[in-house]
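First the proteins, then the strands, lettered A, B, ... as listed; each starts at 1. What you see is a predicted model; the values in this text were computed from it and never measured.
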There are 2 protein chains.
Amino acid sequence: MKSMQPKPVVRQSIENRAADSLREFILSGRVRPGTRLTEIALADQIGVARATLRTGLHRLAGEGIVVQIPYTGWQVTELTETDVWELWTLRAGLESLAARLAAQSGDAPSRAAVARAYEALLAACAKERLKQVNACDFALHRSIVEAAGHARLAGQYRLVEQQVRLFIATSNTCVAEGMDDIVAQHRAVAEAVLSGDAEAAARQAWHHNESEGMRLVAWLRRKAGH
Amino acid sequence: MKSMQPKPVVRQSIENRAADSLREFILSGRVRPGTRLTEIALADQIGVARATLRTGLHRLAGEGIVVQIPYTGWQVTELTETDVWELWTLRAGLESLAARLAAQSGDAPSRAAVARAYEALLAACAKERLKQVNACDFALHRSIVEAAGHARLAGQYRLVEQQVRLFIATSNTCVAEGMDDIVAQHRAVAEAVLSGDAEAAARQAWHHNESEGMRLVAWLRRKAGH
DNA sequence: CGCCGGAATATTGTTGACAATCGCCAATGG
DNA sequence: CCATTGGCGATTGTCAACAATATTCCGGCG
């Protein structure tokens with residue numbers, strides 16, 4: 001009877017809590033790319049010592065979310081057209097590998113998770129709720145990567161995903177071109193993974209991310225040409 | 001006239017120097033996997049304050065070289081059979097992508113660097129100096145990744161490479177099965193990259209790393225079976 | 001002798017104070 | 001007027017001290 005017991009205390013250092021709080025804040029898009037963040041202000045805002053906050057910031061710098069400017073401050077990462085190309089090609093490469101591994105050796109529970117994530121995406125598209133579609137889109141990608149059963153791959157993918165989130169939250173773009181397009185692109189990947197077709201899964205995962213990345217790069221170019 | 005000017009002063013924070021010193025120490029193989037490292041001892045050894053050293057350790061933890069045990073100490077990462085599989089599959093995936101990009105769009109200087117690195121590997125194999133062969137092997141791989149012109153890919157590859165180095169430095173194994181094998185495996189990759197054949201480059205880079213990884217996993221299994 | 005509980009020890013986690021650096025602005029000199 | 005220099009303020013970088021935690025050790029009891 002779990003409900004008869006008090007909930008276990010979650011142990012997490014203040015340093016890690018600070019990093020998590022900062023990450024959430026920055027990935028929310030509420031602070032613009034290039035914004036200077038100072039340790040004194042942030043430490044005051046989240047209620048920890050400055051040195052504790054530094055640990056968090058160093059961690060986010062390692063994740064590519066902030067950039068350290070020595071003796072000056074920290075900046076929220078700005079993502080250029082080249083950065084977008086890099087993120088989407090890297091995401092394509094990592095996901096392609098994950099889809100291949102998931103198709104080859106994903107176990108029944110992880111396959112079920114992929115199937116559920118795909119169904120959730122379909123349902124969100126049917127309701128045409130863009131925010132929910134976006135969340136389900138990420139969740140499907142993630143479920144495929146988790147289905148690969150490869151911790152390092154999942155860890156590296158998470159770093160890329162965070163930067164993809166940062167870009168989407170701060171760039172005022174809509175990644176997809178329509179609900180039908182979203183469904184079609186993800187169907188090919190999901191079906192290949194679920195049917196165990198490793199080659200097709202790898203190819204479709206690559207293609208989906210690559211084409212999305214090229215679309216975004218083109219969007220950035222048009223935007224820059226105003 | 002560069003020689004008419006004093007050499008620029010290299011600015012690097014003590015925190016970063018500490019991280020570099022620690023990384024070099026650990027990757028040298030002079031400390032065994034699983035060894036507990038304490039902040040007090042390390043800080044004393046490298047001559048910085050403990051809090052400064054902590055920053056360095058946190059950085060290495062983010063790179064997967066050490067593991068943080070809260071309130072207890074830090075440990076040099078131990079790499080299991082699963083870890084080896086992960087490292088080599090991930091390295092294969094990243095290098096496959098890099099080789100594809102290098103073959104597609106590597107510029108002339110970076111291609112020349114790949115060619116030089118390959119020639120250096122051939123020369124080292126001809127002399128049968130294993131330590132030099134190993135260094136040239138890493139250098140060739142790196143040159144291909146740099147030729148991709150993709151900073152994030154190169155950054156993520158570096159993290160994998162460090163852990164590969166850690167494994168090799170601490171595992172008492174010889175990765176290759178002979179000079180002829182080394183040459184043959186690397187020739188296929190180098191030639192595909194240099195000839196601009198993206199598909200072949202990707203395929204050969206994957207195959208080389210995958211087969212090497214499988215060999216190591218098999219070696220670990222034999223070793224564990226004693 | 002083995003187990004358990006409490007205390008001690010050795011460390012890490014957090015904090016605040018001092019040292020170092022950078023950027024900006026004003027003053028000075030050519 | 002423009003370029004250079006110096007000073008100051010705002011921050012970051014580093015350090016040492018205190019707080020918190022986990023492990024080890026020791027003593028007592030069954």
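- B:Glu15 has its CD atom 18 Å from the P atom of C:dA19, to the nearest Å.
- Of all the residues in residues 57-70 of chain B, B:Gln68, B:Pro70 reach under 4.0 Å from DNA chain C with at least one non-hydrogen atom.
- Going from atom CD1 of A:Ile14 over to atom C1' of C:dT15 covers 12 Å, rounded to whole Å.
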Could I get a table of every N or O pair under 3.5 Å where one atom is in the protein and the other is in nucleotides 6-10 of chain C?
none

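- Under the ring-ring contact (aromatic ring centres under 6.0 Å, His included) criterion, B:His150 pairs with A:Trp85, sequence neighbours left out.
- Not counting sequence neighbours, A:Trp206 has no partner by the ring-ring contact (aromatic ring centres under 6.0 Å, His included) test.
- At a threshold of 4.0 Å, the pair A:Asp20-A:Arg17 does not count as salt-bridged, since none of the basic side-chain nitrogens sits closer than that to a carboxylate oxygen.
- Atom CG in B:Asp44 sits roughly 14 Å away from atom C1' in D:dA16 (whole-Å rounding).
- Distance check: B:Thr77 OG1 to B:Ile26 CD1 gives 8.0 Å after rounding to the nearest 0.5 Å.
- Under the salt bridge (Lys or Arg N to Asp or Glu O under 4.0 Å) criterion, A:Arg59 pairs with A:Glu63, not counting sequence neighbours.
- Heavy-atom distances under 4.0 Å link DNA chain D to A:Arg50, A:Arg54 of residues 47-56 of chain A, given in residue order.
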Task: Stepwise side chain to side chain contact (heavy atoms under 4.5 Å, CB included) check, A:Glu15 with B:Arg54 - done: CA-CA 12 Å; A:Glu15 288 171 333; B:Arg54 267 180 79 75; 2.8 Å; yes
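- Spacing between atom CH2 of A:Trp74 and atom C1' of D:dG13 amounts to 10 Å, rounded to whole angstrom units.
- Between A:Glu39 atom CD and C:dT15 atom C1' there is a gap of 14 Å when expressed in whole angstrom units.
- For the pair A:Leu37 CG and D:dT11 C1', the interatomic distance rounds to 13 Å; values are reported in whole Å.
- Ring to ring, B:Trp74 and B:His58 are close: their centroids are under 6.0 angstrom apart.
- Ring geometry, B:His186 versus B:His141: the interplanar angle exceeds 60°, so the pair is classed perpendicular (tilted spans 30 to 60°).
- One can place CD of B:Gln75 at 14 Å from C1' of D:dA22, the figure rounded to the nearest angstrom.
- Considering B:Asp83, B:Leu87, B:Leu90, B:Ile168 in turn, B:Leu87 is the only one that fulfils the side-chain contact (heavy atoms from CB on, under 4.5 Å) rule with B:Gln163.
- Looking only at atom types and distance, the side chain of B:Glu210 has no donor-acceptor partner in the side chain of B:Trp88 under 3.5 Å away.
- B:Leu220 CG to B:Ser171 OG: the interatomic distance, rounded to the nearest 0.5 Å, is 7.0 Å.
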